[in-house]
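Every heavy atom of this structure was used, including side-chain atoms; hydrogens, water molecules and symmetry mates were not. As the structure is a computational prediction, the values presented were derived from the model and not from experiment.
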Amino acid sequence: IEGEDEENAASKIYDLLHGAFEEKKPVEILKIAFFGTKDYDRLFFSELVKDKGEGTYNSDIKYFNARLTPETASLAKGFDAVCIFVNDECPREVVETLHECGVRLILLRCAGFNNVDLQAAKECGITVLRVPAYSPYAVAEHAMAILQEANRRLHKAHNKVKDNNFALSGLLGLDLHNKVAGIMGTGRIGVCMANICKGYGMTVLGWDAYPNKALEESGLLTYVTKEELLQKSDLISLHAPLFPSTYHLIDKDAIALMKDTVMLVNTSRGGLVDAEALIEALKQGKFHAVALDVYEGEDNNVYTDRSDEAITNDITGRLLMFPQVVLTSHQAFFTREALQAIAVVTMENARNFNEGNDYGNAEVAAK
Ligand code: NAD
C-alpha cells in the first residue's frame, strides 16, 4: 500500500482480508405488525430507523391503520410481533388469535398495559414488553396545563375573545398558591406533578399503595391515608395505574369526602373515575374544575375525527356540557420528546427480544 508505513499497511491489509473473508451471519428479521398507525407514529419510527441506519434493529415494520381488535387480529398472521397502543384491544380472545397467527411478542408503545390480558399472554408463551418511562414530564405538564385551563376557564375565555366578548363573567378562577395538592400514585409522573405543584407554592400530600419514603425525606410531599388526601386536597391529581384494585378509585363515596370546590385532574386511565358518579356530583354543583385527559368510554372516540357526526357517547356529551370541565383526547404523552423516546425504547425492546437480551423493567408479566 503506497504511502503507508509498514504497521499501517499491515493493518489495512488485515482489514481488507478480514472484510473479504468475513462470514456473513444470517440476519433474522423480526416482522412487526404495527396496529393503529397514525402519521406521527410512522414519522417517528421511520425517522429513528433512518437515523440509526437501516439494519440496526433487524426488524421490518408493516403499518396497519386499523386498531387491534377481535376483528382485525388475524392481520397479524405471519408476523413475529405486534406493536400496539393504549386504544388497541388485547383481551384473551385477541391474544389467542395472535398466538395462532404465530405472534411471539406484544410491543406496547406506551406505559400502561391494562388493555392486555397478561394471563392469556403467559399461557400462550407471548412476551409483553412496554415503554415504562418515556417522558413523565410530558404527562405531568399536560395535567397541570388542563387543570389550569379548567380552573381559569381558559377554554371559555378563548372562545369569548374570538367572539369579540371581552367581559370576564364566568371566568373566575382560584389561586393554587398556598393550597393543598393531593397526588394519588407517586410514581414517575406523580413525582413530576408533585414538583410542579410545589413550584406553584402548594403543600403536597401523597397517597400510594407503596409509599416511597425518599420522597417524604426530601420534603417533596407527606404521605397520608386516601381518606385524608380526599378530604384535605384542593387539587387532586390521579397517577395510579388502572388495576382491579384502583378501578373506580374515585367513586360516589370518594367524591363525598372531597371539598365542594375541589379541582380534579385525571391523566392516568379513565377507569380510575366512576364517570356517572362524577357527572352526578357535577350536576349538584360539586367541583370547581375537572380536567380529564382520560375518561370512561373514551375508547370509541379517542384518536378519531368525528367532527361531522353527532356526539353519541353520552358520557362525553354530558361532561362537555359543564363549564368547569375540560376534556382532551388521551394526549398527555404527545410531545416530540416523548414520541422519540417511545420509538427508541420500543425498537430496543424488539431487538432485545430478538437477540435474547435482558428486558430491564420493560417486561410486564402476569402475576
Ligand atoms: P409508575 O409505575 O412510575 O407509578 C405508578 C405509581 O402507582 C407507583 O408509585 C405505584 O406504587 C403506585 N401504585 C401501584 N399500584 C397501586 C395501587 N393499587 N394503588 C395505589 N397506588 C398504586 O407509573 P407512571 O409512569 O407514573 O404512570 C402512571 C400512569 O399514568 C400509568 O399507569 C398510565 O396509565 C398513565 N399514563 C398516561 C398517559 C397519557 O397520555 N395520559 C401517558 C403515560 C402514562
Side-chain angles (χ1 to χ4, degrees), residues 139-182 184 193 196-197 200 202 230 233-238 248-252 254-298 300-302 304-332 334:
V139 181
E141 286 171 18
H142 187 79
M144 187 48 99
I146 54 172
L147 186 276
Q148 281 290 57
E149 181 180 357
N151 169 28
R152 304 301 295 269
R153 312 290 197 252
L154 300 181
H155 53 305
K156 290 183 75 185
H158 180 68
N159 287 336
K160 276 180 159 222
V161 169
K162 274 185 21 180
D163 201 26
N164 206 21
N165 177 353
F166 295 85
L168 297 183
S169 51
L171 304 182
L172 192 63
L174 297 174
D175 276 12
L176 295 188
H177 183 74
N178 272 344
K179 297 276 168 46
V180 177
M184 303 190 83
M193 186 62 175
I196 293 173
C197 292
Y200 272 85
M202 304 184 83
L230 294 171
S233 299
D234 300 293
L235 182 172
I236 296 174
S237 194
L238 306 181
H248 285 183
L249 177 67
I250 304 300
D251 59 6
K252 188 167 171 262
I255 293 171
L257 292 176
M258 297 177 190
K259 296 181 183 182
D260 284 347
T261 52
V262 69
M263 295 176 259
L264 175 72
V265 53
N266 186 9
T267 53
S268 189
R269 285 291 181 268
L272 293 183
V273 179
D274 177 346
E276 295 203 345
L278 177 70
I279 289 170
E280 211 37 58
L282 279 159
K283 278 191 200 167
Q284 286 161 25
K286 193 133 186 172
F287 294 103
H288 168 68
V290 173
L292 306 174
D293 185 49
V294 290
Y295 51 93
E296 280 188 319
E298 76 186 27
N300 291 332
N301 291 342
V302 90
T304 53
D305 178 356
R306 298 192 190 283
S307 50
D308 281 343
E309 301 167 24
I311 295 177
T312 52
N313 181 321
D314 289 346
I315 292 177
T316 318
R318 191 65 189 91
L319 284 171
L320 287 169
M321 288 298 110
F322 296 102
Q324 74 272 48
V325 175
V326 164
L327 297 189
T328 50
S329 184
H330 208 139
Q331 70 170 76
F334 199 56

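- A heavy-atom distance below 4.5 Å is not found between the side chains of Met184 and Ser233.
- Using modelled atom types and a 3.5 Å distance limit, the side chains of Gln324 and His288 yield no donor-acceptor pair.
- Counting only distance, with no hydrogens or angles, the side chain of His155 and the backbone of Pro323 share a donor-acceptor pair below 3.5 Å.
- Residue Asn165 qualifies as enclosed at atom CG: its count of foreign heavy atoms under 6.0 Å is above 12.
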For Ile236 and Leu230, run side chain to side chain contact (heavy atoms under 4.5 Å, CB included): C-alpha distance rounded to whole Å, both residues' side-chain angles, the deciding distance at 0.1 Å, then the answer. CA-CA 8 Å; Ile236 296 174; Leu230 294 171; 4.0 Å; yes
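- Residues His248 and Leu272 are not in side-chain contact: their nearest non-hydrogen atoms beyond the backbone lie 4.5 Å or more apart.
- When all heavy atoms of Leu327 and Thr316 are compared, the pair lying nearest together is CD1-CG2, 3.9 Å.
- Shortest non-hydrogen contact noted between Leu171 and Ala157 is CD2-N, 3.8 Å.
- Leu238 places none of its side-chain heavy atoms less than 4.5 Å from the side chain of Thr267.
- Counted within 6.0 Å of CZ on Arg152, heavy atoms from surrounding residues, nucleotides or ligands total 12 or fewer; the atom is thus considered open.
- Residues Leu264 and Leu278 are in side-chain contact: their nearest non-hydrogen atoms beyond the backbone lie under 4.5 Å apart.
- Between atom OG1 of residue Thr328 and atom CG of residue Leu292 there is a gap of 8.0 Å, rounded to the nearest 0.5 Å.
- Minimum interatomic distance between Ile315 and Ile279 (heavy atoms only, all atoms of both residues): O-CD1, 4.1 Å.
- With hydrogens and angles disregarded, a donor-acceptor distance shorter than 3.5 Å links the side chain of Lys286 to the backbone of Ile255.
- The closest side-chain heavy-atom distance from Lys179 to Tyr200 is not below 4.5 Å.
- Considering CE of Met263 and CE of Met258, their distance stands at 12.5 Å, rounded to 0.5 Å.
- Using a 4.5 Å heavy-atom threshold, the side chains of Glu276 and Glu296 count as separate.
- For Asp274, there are no salt bridge (charged side-chain N to carboxylate O under 4.0 Å, His left out) partners, not counting sequence neighbours.
- In the model, Asn266 has no side-chain atom that pairs as donor or acceptor with a side-chain atom of Ser268 under 3.5 Å.
- Atom CG of Asp163 sits about 11.5 Å away from atom NE2 of His158, to the nearest 0.5 Å.
- Here the side chain of Asp175 pairs no donor or acceptor atom with the backbone of His177 at under 3.5 angstrom.
- Separation of atoms CD (Gln148) and CG (Leu176) is listed at 4.5 Å; rounding is to 0.5 Å.
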Run Lys156 and Ser169 through side chain to side chain contact (heavy atoms under 4.5 Å, CB included) and show every step you take. CA-CA 10 Å; Lys156 290 183 75 185; Ser169 51; over 6 Å; no
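- A donor-acceptor distance shorter than 3.5 angstrom exists from the side chain of Glu298 to the backbone of Tyr295, with no hydrogens or angles considered.
- Of all heavy-atom pairs spanning Ala143 and Ser237, the tightest one is CB-OG, 4.5 Å.
- Not a single donor-acceptor pair under 3.5 Å links the side chain of Asp234 to the backbone N or O of Val262.
- For Glu149, the CD atom sits in a packed shell: over 12 heavy atoms of surrounding residues, nucleotides or ligands are nearer than 6.0 Å.
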